[in-house]
Amino acid sequence: RLYRITEAVGRWSMVDIYVVTLLVALVKLGALATIEAGPGAIGGDIQLKTERSGTQHSVEVSLEGAKGKRVSRTLLVDTGADFVVLPSSVISDLGIAAAKLEEREMQTANGKVKARVGILPALWLGEARIADPIAAFIDDGKLGNGGLLGMSVLGRYTMTIDDEAGTVRSTNGQLVA
């Protein structure tokens with residue numbers, strides 16, 4: 001019975017391949033449509049070099065502020081942080097209006113602190129632009145000059161840290177606009 005079903009469907013089993021091939025050919029020729037991945041589109045894997053200090057891993061990111069202004073930072077990969085956490089001094093560097101940030105009290109590993117919370121236009125991991133991550137800005141004296149790459153970005157991916165290669169690999173397997 002299963003053999004007969006397989007035999008009947010067998011000749012159609014490659015139809016999906018032919019449809020995709022035809023669509024790709026038409027798009028490449030511009031006959032049907034043009035497909036462009038815009039700056040907000042990410043897909044597949046992101047692989048970044050890490051700096052390791054003890055058991056902690058840091059990655060270089062680019063923060064995107066108002067009017068596309070970008071600032072590079074090294075952030076500690078921290079799955080215990082709900083948000084991207086940055087020193088307050090970065091607010092002006094990014095051209096963000098402090099008045100638009102919500103003041104909150106937040107729990108950290110070192111106790112409660114006052115923070116200003118808002119949404120960054122984007123954070124760049126290599127060439128991948130992650131739109132609208134939530135960020136908390138904490139007094140520089142309590143955070144130092146670094147920052148934390150928290151779950152408002154990490155939660156969008158499956159993360160794998162390769163200690164031997166000194167890399168962190170993020171996969172989401174889909175396009176996000």
Side-chain angles (χ1 to χ4, degrees), residues 27 33-104 106 108-109 113 115-177:
V27 169
T34 302
I35 298 175
E36 281 184 30
I42 54 175
D45 295 351
I46 302 168
Q47 188 163 324
L48 301 170
K49 283 288 194 192
T50 64
E51 293 177 28
R52 186 173 177 184
S53 176
T55 59
Q56 300 175 331
H57 293 268
S58 297
V59 293
E60 186 74 23
V61 304
S62 182
L63 308 167
E64 184 178 317
K67 299 179 183 175
K69 185 174 185 179
R70 287 172 63 170
V71 174
S72 292
R73 294 301 260 197
T74 300
L75 301 181
L76 181 69
V77 176
D78 188 349
T79 58
D82 291 335
F83 310 130
V84 172
V85 181
L86 302 166
S88 293
S89 61
V90 176
I91 295 171
S92 61
D93 294 344
L94 291 169
I96 295 173
K100 292 187 178 182
L101 299 173
E102 175 189 345
E103 290 195 28
R104 281 194 207 171
M106 300 186 70
T108 70
V113 297
R116 294 187 212 164
V117 178
I119 297 177
L120 287 176
L123 182 142
W124 291 79
L125 295 175
E127 296 299 314
R129 182 180 188 267
I130 293 85
D132 305 322
I134 299 173
F137 298 91
I138 295 176
D139 180 56
D140 290 37
K142 300 204 188 268
L143 187 61
N145 197 30
L148 306 175
L149 184 61
M151 293 306 291
S152 62
V153 170
L154 300 175
R156 301 179 192 197
Y157 300 93
T158 300
M159 305 290 291
T160 306
I161 296 176
D162 185 338
D163 281 329
E164 289 181 26
T167 60
V168 62
R169 183 177 191 159
S170 309
T171 57
N172 71 352
Q174 62 184 344
L175 285 176
V176 178

Heavy-atom count around E103 CD within 6.0 Å, excluding the residue itself: above 12?
no

If I compare all heavy atoms of P87 with all of R73, which pair ends up nearest, and what's the gap?
CG-NH2, 3.1 Å

Stepwise side-chain contact (heavy atoms from CB on, under 4.5 Å) check, M106 with D82:
CA-CA 10 Å; M106 300 186 70; D82 291 335; 5.6 Å; no

Tested for side-chain contact (heavy atoms from CB on, under 4.5 Å) against V61, the lone hit among V153, V71, T74, L75 is L75

With sequence neighbours excluded, what pairs up with E164 under the salt bridge (Lys or Arg N to Asp or Glu O under 4.0 Å) test?
none

Nearest-0.5 Å distance that lies between atom NZ in K69 and atom CG in L63:
12.0 Å

L123 side, atom CG; I134 side, atom CD1 - distance, nearest 0.5 Å:
13.0 Å

Please find the pair of heavy atoms, one from R116 and one from A98, that lie closest to each other, and give the distance.
NH1-CB, 3.3 Å

When rounded to the nearest 0.5 Å, the distance separating CG of D78 from CD of Q56 is 8.0 Å

Between the main-chain N or O of G166 and the side-chain N or O of K49, is there a donor-acceptor pair closer than 3.5 Å?
no

Could you grab the distance from atom CZ of F137 to atom CG of L94, nearest 0.5 Å is fine?
6.0 Å

If we ignore hydrogens and angles and just use 3.5 Å, is the side chain of S152 paired with the main-chain N or O of P133 as donor and acceptor?
no

Can you list the residues that meet the salt bridge (Lys or Arg N to Asp or Glu O under 4.0 Å) rule with R52, with sequence neighbours excluded?
D163

I need the minimum non-hydrogen distance between I138 and A115, along with the two atoms involved.
CG1-CB, 4.0 Å

Verdict with reasoning, D139 to V113, per side-chain contact (heavy atoms from CB on, under 4.5 Å)
CA-CA 9 Å; D139 180 56; V113 297; over 6 Å; no

Taking L76 as the fixed residue, which of L148, L149, V59, V85 is the one that meets the side-chain contact (heavy atoms from CB on, under 4.5 Å) rule?
L148

I'd like to know whether I96 forms a side-chain contact (heavy atoms from CB on, under 4.5 Å) with V90, so could you lay out the CA-CA distance, the side-chain angles of the two residues, the decisive distance to 0.1 Å, and finally the verdict.
CA-CA 9 Å; I96 295 173; V90 176; over 6 Å; no

So which heavy atom on T50 is nearest to which on H57, and how close?
OG1-ND1, 3.5 Å

To the nearest 0.5 Å, what is the distance between CG (L86) and CG (D140)?
10.0 Å

Can you check whether L125 reaches V168 side chain to side chain, under 4.5 Å on heavy atoms?
no

Taking all non-hydrogen atoms of both residues into account, name the closest pair between R70 and S62 and its distance.
NE-OG, 3.0 Å

Rounded to the nearest 0.5 Å, what separation is found between the CG atom of L120 and the CD1 atom of I130?
11.0 Å

